[in-house]
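Basis for what follows: all heavy atoms, side chains included, without hydrogens, waters or symmetry-related copies. Note that this is a predicted model, so its numbers are computed, not measured. Letters A, B, ... mirror the listed sequences (proteins, then strands); counts begin at 1.
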There are 2 protein chains.
Amino acid sequence: MAVKKTKPAASTEAAPEPAGRVDLGLLDGLLGYRLRRAQLAVFQDFMTAMKDYDLRPAQFSVLAIIEANPGLKQSRVSEALGINRANFVALLDELEQRKLARRAAAAGDRRSNALYLTPKGESFLKEAYRHLLQQHERRIEAVLGSADKHLLLSLLDRLTAL
Amino acid sequence: MAVKKTKPAASTEAAPEPAGRVDLGLLDGLLGYRLRRAQLAVFQDFMTAMKDYDLRPAQFSVLAIIEANPGLKQSRVSEALGINRANFVALLDELEQRKLARRAAAAGDRRSNALYLTPKGESFLKEAYRHLLQQHERRIEAVLGSADKHLLLSLLDRLTAL
DNA sequence: CATTATTGTTGTAGATTATAACAATAATGC
DNA sequence: GCATTATTGTTATAATCTACAACAATAATG
């Protein structure tokens with residue numbers, strides 16, 4: 001089928017293929033795209049730092065909310081984190097199996113569970129957070145600096161209120 | 001079990017339950033958490049704007065990359081977007097079925113596909129992008145302003161290089 | 001006290017992401 | 001030239017995440 005005639009002969013030195021960088025085109029100006037890439041990088045770094053603790057971002061967030069609001073009802077914890085209450089069940093199940101959190105009877109409502117950290121959960125969270133500051137947040141401040149980090153946080157908050 | 005003695009009697013007016021806001025605790029200072037919330041809000045807004053076009057962020061990104069790099073090989077497109085090449089197949093299949101993109105023979109490599117937008121894909125992408133600017137990016141600039149948007153973009157890029 | 005709402009839960013389906021394997025083809029070493 | 005190795009697109013599969021419907025127990029309401 002004469003795919004390759006006599007020879008390409010290179011019109012103007014014809015770069016073989018690697019062709020340098022890929023143009024992002026319309027993507028370049030889209031905030032959502034740049035936000036997603038940054039978020040993936042940060043979560044990746046978070047998970048690397050938490051590898052030894054076997055703690056994913058969602059699990060950490062649940063422990064943190066419970067620590068700051070002991071006795072909060074299960075539905076309100078999931079709601080605060082934007083996690084579907086049906087999906088929250090298995091998430092909490094695992095934290096309970098690992099003896100980091102516990103479901104207790106809620107005073108005055110026999111439908112609800114009041115959530116607490118176990119003593120083990122308290123120390124585990126403290127330790128994980130300490131390690132997170134030393135590894136993860138440290139790397140972030142290395143590229144952002146403290147001032148720009150706080151600036152970024154306030155810019156992000158304005159977006160969350162979209 | 002005497003769960004409720006005679007009566008709670010309210011120690012200090014004892015707010016019934018709603019208890020105002022939930023304390024974010026350790027989460028409050030974590031960049032990853034704030035980043036994720038912002039990213040979800042922005043993607044949500046993106047999808048709302050693209051509802052009539054039936055275009056998700058990943059699909060838009062593929063079209064945008066192909067438009068900016070016509071003839072780029074399939075593997076390089078997926079690589080540029082950080083999409084596993086196995087998962088990229090079905091993604092591209094759908095765009096091809098919708099006659100927005102097409103696989104063509106790559107010159108000089110019978111293994112590879114060179115990707116192009118169809119004429120329909122070109123106009124569809126242009127139209128979708130126009131609508132995106134008018135709806136989505138407009139709302140973003142309403143809360144950020146142009147200067148802060150560009151500032152945010154540069155801060156995000158520094159994080160991506162983590 | 002009958003009706004309606006909420007809570008935790010299970011089951012299920014759709015998306016997303018990662019991995020392994022495979023055939024076709026290309027690139028490389030000798 | 002030819003055997004070996006690498007790449008490309010693809011399928012299949014599993015893990016994870018998310019959303020939704022349904023249900024029993026319980027609470028709130030009229």
**Asked** Stepwise, does the side chain to side chain contact (heavy atoms under 4.5 Å, CB included) test hold for Arg130(A) with Lys126(A)?
**Response** CA-CA 6 Å; Arg130(A) 193 184 59 78; Lys126(A) 275 187 180 57; over 6 Å; no

**Prompt:** Can you tell me how far C1' of dT25(C) sits from NZ of Lys73(B), to the nearest Å?
**Reply:** 12 Å

**Message:** Within the 4.5 Å heavy-atom criterion, are Tyr53(A) and Phe60(A) side-chain neighbours or not?
**Reply:** no

**Message:** On DNA chain D, does the nearest nucleotide to Arg36(B) precede the nearest nucleotide to Ser75(B) from the 5' side, or the other way round? Give the residue.
**Reply:** Ser75(B)

**Axis-to-axis angle between the two ends of the helix from dC1(C)-dG30(D) to dC30(C)-dG1(D) (five base pairs per end, rounded to 10 degrees)** = 30°

**Asked** Which residues within residues 45-67 of chain B lie with some heavy atom under 4.0 Å of an atom in DNA chain C?
**Response** Arg56(B)

**Item:** Along DNA chain C (nearest heavy atom to each residue), the more 5'-positioned of Asp109(A) and Asn87(A)
**Value:** Asp109(A)

**Request:** Can you tell me the distance, in whole Å, between the CG atom of Leu91(A) and the C1' atom of dT16(D)?
**Result:** 12 Å

**Prompt:** Near DNA chain C, which residues from residues 77-84 of chain B have a heavy atom under 4.0 Å away?
**Reply:** Asn84(B)

**Request:** Return yes if some donor-acceptor pair links the side-chain N/O of Glu127(A) with the main-chain N/O of Phe124(A) below 3.5 Å, else return no.
**Result:** no

**Asked** Given side chains that start at C-beta, do those of Leu26(A) and Glu67(B) come closer than 4.5 Å, heavy atoms only?
**Response** yes

**Complete:** Per atom distances to the Asn113(A) side chain, the nearest of dT8(D), dT7(C), dG8(C) is dG8(C)

**Request:** Give the rounded distance in Å between these two atoms: CZ of Phe88(A) and C1' of dT6(C).
**Result:** 17 Å

**Request:** Return the value, rounded to whole Å, for the distance between atom CZ of Arg85(A) and atom P of dT10(C).
**Result:** 13 Å

**Request:** Could you tell me whether a side-chain N or O of Arg139(A) sits under 3.5 Å from a main-chain N or O of Leu162(B), the two making a donor and an acceptor?
**Result:** no

**Prompt:** With respect to the side chain of Arg111(B), which nucleotide from dT10(C), dG9(D), dT8(D) is positioned closest?
**Reply:** dT8(D)

**Ile65(B) backbone acceptor or donor facing Asn69(B) side chain under 3.5 Å** = yes

**Request:** Using a 4.5 Å cut-off on heavy atoms from C-beta on, say whether the side chain of Leu156(B) contacts that of Leu152(A).
**Result:** yes

**Request:** Would you classify Arg103(A) as touching base, sugar-phosphate or nothing, given that sugar-phosphate means primed atoms plus P, OP1 and OP2, and contacts are heavy atoms under 4.0 Å?
**Result:** sugar-phosphate

**Message:** Between C1' on dT9(C) and CG on Leu115(A), what's the gap in Å once rounded to a whole number?
**Reply:** 14 Å

**Item:** Sugar-phosphate only, base, or nothing, as touched by Arg110(A) at under 4.0 Å among non-hydrogen atoms
**Value:** sugar-phosphate

**Message:** Would Arg56(B) and Met50(B) count as a side chain to side chain contact (heavy atoms under 4.5 Å, CB included) here? Give the steps.
**Reply:** CA-CA 7 Å; Arg56(B) 280 160 294 156; Met50(B) 287 293 94; over 6 Å; no

**Prompt:** Which one of Arg102(A), Lys120(A), Arg103(A) satisfies the salt bridge (charged side-chain N to carboxylate O under 4.0 Å, His left out) criterion with Glu96(A)?
**Reply:** Arg103(A)

**Asked** Under 4.5 Å between side-chain heavy atoms, hopping through other hydrophobics if needed: is there a path connecting Val89(B) to Leu81(B)?
**Response** no

**Donor-acceptor contact present, side-chain Ser78(A) to main-chain Asn84(A), <3.5 Å** = no

**Request:** Using whole Å, report how far CD of Glu96(B) lies from P of dG9(D).
**Result:** 12 Å

**Spacing between Phe43(A) atom CZ and dT17(C) atom C1', to the nearest angstrom** = 15 Å

**Prompt:** Expressed in angstrom and rounded to an integer, what is the separation of Gln74(B) atom CD from dA26(C) atom C1'?
**Reply:** 17 Å

